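Just so it is clear, the model here is predicted, and its values are computed rather than measured. Quick note on labels: first sequence line is chain A, next is B, and so on, each numbered from 1.
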Protein chains: 2
Amino acid sequence: MINNSVLETEAENKIKEAARKIFHRRGFDGARMQEIADEAQINKAMLHYYFRSKDKLFEAVFKEAAMKLFPVVILIIESDLDVDEKIKKLIHNYIDFIIDNPYVPGFVLHELTQNPERMKHFVASNVLMRPQKFFSQIQEGIDSGKYIPIAPLQLMVTIVASCIFPFVAKPMLHTLFGLDQDDFGEFIEQRKEQMTQFILNGLYKK
Amino acid sequence: MINNSVLETEAENKIKEAARKIFHRRGFDGARMQEIADEAQINKAMLHYYFRSKDKLFEAVFKEAAMKLFPVVILIIESDLDVDEKIKKLIHNYIDFIIDNPYVPGFVLHELTQNPERMKHFVASNVLMRPQKFFSQIQEGIDSGKYIPIAPLQLMVTIVASCIFPFVAKPMLHTLFGLDQDDFGEFIEQRKEQMTQFILNGLYKK
DNA sequence: GAATAGTTTAACCATACGGTTAACAACAAT
DNA sequence: ATTGTTGTTAACCGTATGGTTAAACTATTC
């Protein structure tokens, strides 16, 4: 039994990729093991052979999604850039990330609402948010009269909200404002620069 | 068969209220007809007696939720107020609405993502978004040099995002920043005024 | 090439689920 | 009193679902 590790991980990866696709699209409750098996073109029993249960398989997918979702923010927030650069980079990089992973934010947010306890299981060991530096930078700007008075957390939530929300609300934009696929793409592309300007302008005092 | 209309609607309302609670909490896929029946303290067959199927019952709940979610925005957007007042009122009223219906936005957004077609069935006849006036007001302000150049839709999405997102991301705020129930309440209360100031400041040119 | 360990499959199992039914209760109309 | 209508219940039905099993297949080791 030398090197089945190649085939082994091949099957394992096929399953994981299929599971990602289905779980992201349907959520935990909506996903069916059979559908995942079909997507992976593999026998359903194999899902249980490699991952013991639906929960375990989901946990793997969820963990991966969350581990991708947060670091983008964290790395930039904790960097040595100044506030303007952080905000600009944060918005651009985060939107780019979501363009490549459009289902991830909605998936993570929904599953976190369904089961908030899940968060604790892996956050502590995997995601450590240390926004102190960023928050201090904001506070200094406020104290020096450069920025309007705003709670740093309020600002940060607004930035993240601005990036994530359009993707979560995509069907609304489609039906309410008639944005089709192409329009939406343009809207998002435009959003990167315009949100950067808007938020920076909102931060600076007149 | 004089007046069972009282009792009739009593049972019907008990069911609808229970269904609202469960559907909002668990989503369509996660909700069980038995759980709704238990919540309403009523026999499961009654659910099918008054509403024919799970889909029909869900449709009633969803319609109601969506019909509450949009008009708050629409009425203010279409009013005769000036831009500053519209933005202020929009943020305050919308956040107040979500405080009273905290599960509604996440519920509607998620179910709309699961089944975007649902939107079309009732939007055309029930929700008509006419943001032209608001958009013109913004455009005028931009043309006159009062506002920074921003696509009105970008602004509007940002405002709505700022109101809704904190509630959808509540578990994240809890785990990542340690906001407990009370902290969250304060955060939201503070947000009403600070977001108003921040967004208005972002709109006006220096 | 037999033995052994890992992999894959079809068939199966128990349960949970949405939905139905048939009998019954309450009560108004005749 | 009888009939008909509406509301209510427990028991039931067919199916879909997550999960298991035992046998077949593959490949590696000796």
Side-chain angles (χ1 to χ4, degrees), chain A residues 1-63 107 110-111 114-115 117-118, chain B residues 1-63 107 110-111 114-115 117-118:
Chain A
M1 49 113 156
I2 291 187
N3 222 353
N4 348 39
S5 70
V6 175
L7 286 172
E8 190 179 343
T9 52
E10 195 177 295
E12 214 173 303
N13 284 341
K14 258 169 63 180
I15 294 174
K16 219 171 173 178
E17 200 171 320
R20 201 184 310 136
K21 214 165 167 176
I22 303 298
F23 276 133
H24 283 192
R25 194 159 46 214
R26 306 229 190 270
F28 179 83
D29 290 322
R32 298 293 104 122
M33 293 299 266
Q34 188 58 58
E35 195 183 357
I36 295 173
D38 292 346
E39 176 73 36
Q41 289 177 292
I42 223 170
N43 189 288
K44 182 167 69 85
M46 296 296 284
L47 305 186
H48 292 91
Y49 181 74
Y50 285 103
F51 306 80
R52 291 167 46 110
S53 64
K54 187 183 182 184
D55 286 83
K56 287 276 200 301
L57 181 54
F58 175 82
E59 209 62 34
V61 170
F62 178 81
K63 203 166 178 169
F107 169 68
H110 180 253
E111 297 302 335
Q114 294 302 300
N115 185 355
E117 295 308 305
R118 223 192 293 278
Chain B
M1 52 113 152
I2 293 188
N3 221 353
N4 346 40
S5 70
V6 175
L7 284 173
E8 190 180 341
T9 53
E10 196 177 294
E12 213 174 304
N13 284 340
K14 257 168 63 180
I15 293 174
K16 218 170 172 178
E17 201 171 321
R20 200 184 310 137
K21 213 166 168 175
I22 302 299
F23 276 132
H24 284 190
R25 195 162 43 218
R26 305 231 190 268
F28 179 83
D29 290 324
R32 298 294 104 120
M33 292 300 265
Q34 188 58 59
E35 196 183 358
I36 294 172
D38 292 346
E39 176 73 36
Q41 289 177 293
I42 222 169
N43 190 287
K44 181 165 70 85
M46 296 297 284
L47 306 186
H48 292 91
Y49 181 75
Y50 285 103
F51 306 80
R52 289 167 46 109
S53 63
K54 187 184 182 185
D55 286 83
K56 289 276 199 301
L57 181 54
F58 176 81
E59 210 61 33
V61 170
F62 179 79
K63 202 167 180 170
F107 169 68
H110 179 254
E111 297 302 336
Q114 294 303 299
N115 184 357
E117 296 308 305
R118 222 191 293 279

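Both A/His48 and B/Met46 sit near DNA chain D, but only B/Met46 has its closest nucleotide nearer the 5' end.
Look at CD1 on A/Ile15: it is 14 Å from P on D/dG19, rounded to the nearest Å. To the nearest angstrom, P of C/dC17 lies 14 Å from CG of B/Leu47. Atom pair B/Glu10:CD and D/dG7:C1' shows a separation of 13 Å (rounding to whole Å applied). For the pair B/Tyr49 OH and C/dC24 C1', the computed distance is 14 Å after rounding to whole Å. Atoms NZ (B/Lys54) and P (C/dA16) sit 16 Å apart, rounded to a whole Å. Following rounding to the nearest Å, A/Arg52 (CZ) and D/dG19 (P) show an atom-to-atom distance of 10 Å. Following rounding to the nearest Å, A/Phe58 (CZ) and D/dT17 (C1') show an atom-to-atom distance of 18 Å.
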Mind listing the side-chain donor-acceptor pairs of residues 39-49 of chain B below 3.5 Å, one per line with the distance, residues two or more places apart or on another chain?
{"unit_1": "B/Glu39", "atom_1": "OE2", "unit_2": "B/Lys21", "atom_2": "NZ", "d": "3.1"}
{"unit_1": "B/Asn43", "atom_1": "OD1", "unit_2": "B/Ala45", "atom_2": "N", "d": "2.8"}

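The salt bridge (Lys or Arg N to Asp or Glu O under 4.0 Å) check on B/Lys16 picks up B/Glu64, with sequence neighbours excluded.
A distance of 6.0 Å or more separates the ring centres of B/Phe107 and B/Phe23.
If you check residues 20-45 of chain B against DNA chain D, the residues with a heavy atom closer than 4.0 Å are B/Asn43, B/Ala45, listed by number.
Applying the 4.0 Å criterion to OP1 and OP2 of C/dT8, one finds that A/Tyr50 has a side-chain N or O inside that range.
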